[in-house]
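Keep in mind that the numbers below use all heavy atoms, side chains included, and drop hydrogens, waters and symmetry copies.
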Amino acid sequence: MLPTRLCIMRKLPSVLARTLTSGTNASPGLPDMSEVRSKLRDIVGASTNWRDHVQAMQERKALHTLLAKRQEDLPPRRMKDSYLEVILPLGSQPEIREKYLNVHNTVRFGRILEDLDSLGVLICYTHTKQEMQQRSPLSIVTALVDKINLCQKIIHPDCDIKFTGNVSWVGKTSMEVKMHMLQLHDGDYSPVLDATFVMVARDPENKRPAFVNPLIPESPEEEEIFKQGELNKLKRIEFSTASLLKMAPTAEERNIVHDIFLNTLDTRTVSFRSRKLPPNSVWMEDAKLKGLQICHPEERNIFNRIFGGFLMRKAFELGWATACSYGGSRPFIVSVDDIMFQKPVEVGSLLLLSGQVCYTEKNYIQIRVHSGVYNANTREHHTTNIFHFTFISENEVPQVVPKTYGESMLYLDGKRHFTAVMNEI
């Protein structure tokens, strides 16, 4: 178990908590991840051949007439209507392990991020499914990964994994999805992680927002889950409003920055510019790694843009490498939070990734990964995503120290994210 925390599974409505502690190795009747992706292609009519993608997207334009003019025109749904269980048979089907295996003989967490992203989209399509429609007119995409909290350091590569999830809150055009991952040990499924994603619905061409079915809680327990979804939305708004890109640091934060400045002054001089690194510390400018990825058609999603799960996997792997090189030992992921998908990444883009250690405390490392695309024709850069990862190292790590004002803001932002994670767990 991760130190100093308990794993508390978010309570599902009792009507949804089916077979979470199934004692069988195999899970007959449950779809696997390949079936999830196949169902998604069928739902939107996506082509499996890249050369046909233009025609496939042209055909989706005709689905505009199926969009609801008002949310009130759509039938309400219950939480259990979107509830899904999916198996990842690492134990019962050894031939699929290779894709999920890392050098430490554990499961690659980046692959789990890809699976969560696919499952979250399918859950939303299940919520919005209309019986008379063979193909959905909605383009449902990931807008935000609110949080992913883990309660196990190790995900075993030879035990079956089960994912469960359902829509837990609905706005006009957005849906919150709660997912849980469990792994089979000694005949019982034990919790591994909880995840909260926010998805948005758009028109068939993925250009404008589209209405989704309202959600009706059926019990006091479901009403509490729905209220939590509303609170999550308000917290995101509050966090965004107080962003250091918009607002000045608080008085307490200003004191933190000034204390760091005073602790790094060279006492042998009387100069504001002469700085000295304290013992067991690393300048922030020396605590980063960068990467480049060419976005090939292989990594496209059902809407012929780069799959959000792929972006998360690449960002996580760079974040892990950054934490590993900084701490000098193997890091373990504790939490993922506040991943914003600001712009889609087109096939053929040059994806630039930058991993930065922005805050440390004891053996915890807070990593921020910036993702952007470079257009070789216009020579322009655009930010597409910001990722926040909290790792725990096997040993205590050096203190990261900002030198400039901009680095100090990164430090405070990292501290805010770290504090939010610690309060959550």
Side-chain angles (χ1 to χ4, degrees), residues 102-104 108-111 113-114 117 145 243-245 277 281-296 298-299 305-360 364-393 397-415 417-418:
N102 65 27
V103 70
H104 301 288
R108 295 170 62 184
F109 185 67
R111 292 294 189 194
L113 291 174
E114 291 182 323
D117 194 44
V145 178
S243 167
L244 292 166
L245 293 172
L277 188 65
S281 301
V282 176
W283 290 121
M284 186 177 284
E285 64 184 4
D286 299 323
K288 64 177 68 173
L289 288 178
K290 294 189 176 184
L292 168 67
Q293 186 75 34
I294 301 173
C295 298
H296 296 290
E298 178 187 4
E299 309 300 344
R305 284 170 166 157
I306 295 302
F307 174 42
F310 170 78
L311 300 175
M312 285 193 282
R313 173 163 66 87
K314 286 300 177 181
F316 168 77
E317 290 174 351
L318 180 64
W320 185 92
T322 306
C324 184
S325 63
Y326 182 85
S329 61
R330 180 185 176 187
F332 297 89
I333 185 68
V334 175
S335 182
V336 181
D337 81 303
D338 196 27
I339 298 177
M340 291 289 295
F341 288 82
Q342 299 179 12
K343 286 181 180 293
V345 177
E346 303 292 342
V347 172
S349 298
L350 296 179
L351 181 68
L352 307 174
L353 296 165
S354 177
Q356 173 72 67
V357 177
C358 53
Y359 181 76
T360 55
Y364 286 98
I365 307 173
Q366 188 69 33
I367 302 287
R368 180 183 189 268
V369 177
H370 176 276
S371 165
V373 291
Y374 174 68
N375 187 317
N377 295 323
T378 63
R379 298 183 180 274
E380 292 180 332
H381 289 87
H382 295 288
T383 297
T384 59
N385 306 81
I386 302 293
F387 304 85
H388 299 276
F389 302 107
T390 305
F391 291 95
I392 186 169
S393 184
V397 300
Q399 285 291 108
V400 68
V401 180
K403 186 181 289 185
T404 67
Y405 186 80
E407 289 178 349
S408 297
M409 296 304 100
L410 271 179
Y411 181 90
L412 293 178
D413 185 64
K415 188 177 188 304
H417 281 282
F418 176 76

Heavy-atom closest contact ([X] atom, [Y] atom, distance):
| X | Y | result |
| --- | --- | --- |
| H296 | V347 | C-CG1, 4.1 Å |
| L311 | N385 | CD1-OD1, 3.9 Å |
| P398 | V282 | CB-CG2, 4.0 Å |

Are any of the side-chain heavy atoms of [X] and [Y] separated by less than 4.5 Å?
| X | Y | result |
| --- | --- | --- |
| L350 | I294 | yes |
| V145 | F341 | yes |
| V369 | I386 | no |
| T383 | Q342 | yes |

What pairs with [X] under side chain to side chain donor-acceptor pair (under 3.5 Å), at least two apart in sequence or on another chain?
| X | result |
| --- | --- |
| T384 | S371 |
| S393 | S329 |
| S281 | none |
| D286 | none |

If only atom types and distance count, is the side chain of S335 paired as donor or acceptor with the main-chain N or O of T390 below 3.5 Å? no

Distance (rounded to the nearest 0.5 Å) between [X] [atom1] and [Y] [atom2]:
| X | Y | atom1 | atom2 | answer |
| --- | --- | --- | --- | --- |
| Q366 | F418 | CD | CZ | 7.5 Å |
| R368 | H417 | CZ | NE2 | 8.0 Å |
| F109 | N102 | CZ | CG | 12.5 Å |
| L277 | W283 | CG | CH2 | 5.0 Å |
| I367 | H388 | CD1 | NE2 | 12.0 Å |

Using 30° and 60° as the class boundaries, would you call the ring planes of F391 and F389 parallel, tilted or perpendicular? tilted

Determine which pairs satisfy salt bridge (Lys or Arg N to Asp or Glu O under 4.0 Å) with at least one residue from residues 337-356, sequence neighbours left out, and list them in order. R305-E346

Could you give the side-chain donor-acceptor pairs of residues 351-359 under 3.5 Å, partners two or more places apart or in another chain?
{"residue": "Q356", "atom": "NE2", "partner": "M284", "partner atom": "O", "Å": "2.9"}
{"residue": "Q356", "atom": "NE2", "partner": "A287", "partner atom": "O", "Å": "3.0"}
{"residue": "Y359", "atom": "OH", "partner": "E361", "partner atom": "OE1", "Å": "2.6"}

Residues that E298 engages under side-chain contact (heavy atoms from CB on, under 4.5 Å), provided they are two or more places apart: none

If a pair satisfies side-chain hydrogen bond (donor to acceptor under 3.5 Å, both in side chains) and one of its residues is in residues 314-328, list it, with sequence neighbours excluded. R108-E317

Holding to ring-ring contact (aromatic ring centres under 6.0 Å, His included), I want the full list of residues that pass it with H381, two or more places apart in sequence or in another chain. Y374

What residues form a ring-ring contact (aromatic ring centres under 6.0 Å, His included) with H370, not counting sequence neighbours? none

Which side-chain N or O atoms in residues 403-415 pair as donor and acceptor under 3.5 Å with protein atoms at least two apart or in another chain?
{"residue": "K403", "atom": "NZ", "partner": "E285", "partner atom": "OE2", "Å": "3.4"}
{"residue": "T404", "atom": "OG1", "partner": "E407", "partner atom": "N", "Å": "3.1"}
{"residue": "E407", "atom": "OE1", "partner": "K403", "partner atom": "N", "Å": "2.7"}
{"residue": "E407", "atom": "OE1", "partner": "T404", "partner atom": "N", "Å": "3.4"}
{"residue": "S408", "atom": "OG", "partner": "T404", "partner atom": "O", "Å": "3.0"}

Non-neighbouring partners of E114 that pass salt bridge (Lys or Arg N to Asp or Glu O under 4.0 Å), sequence neighbours left out: R111, R313

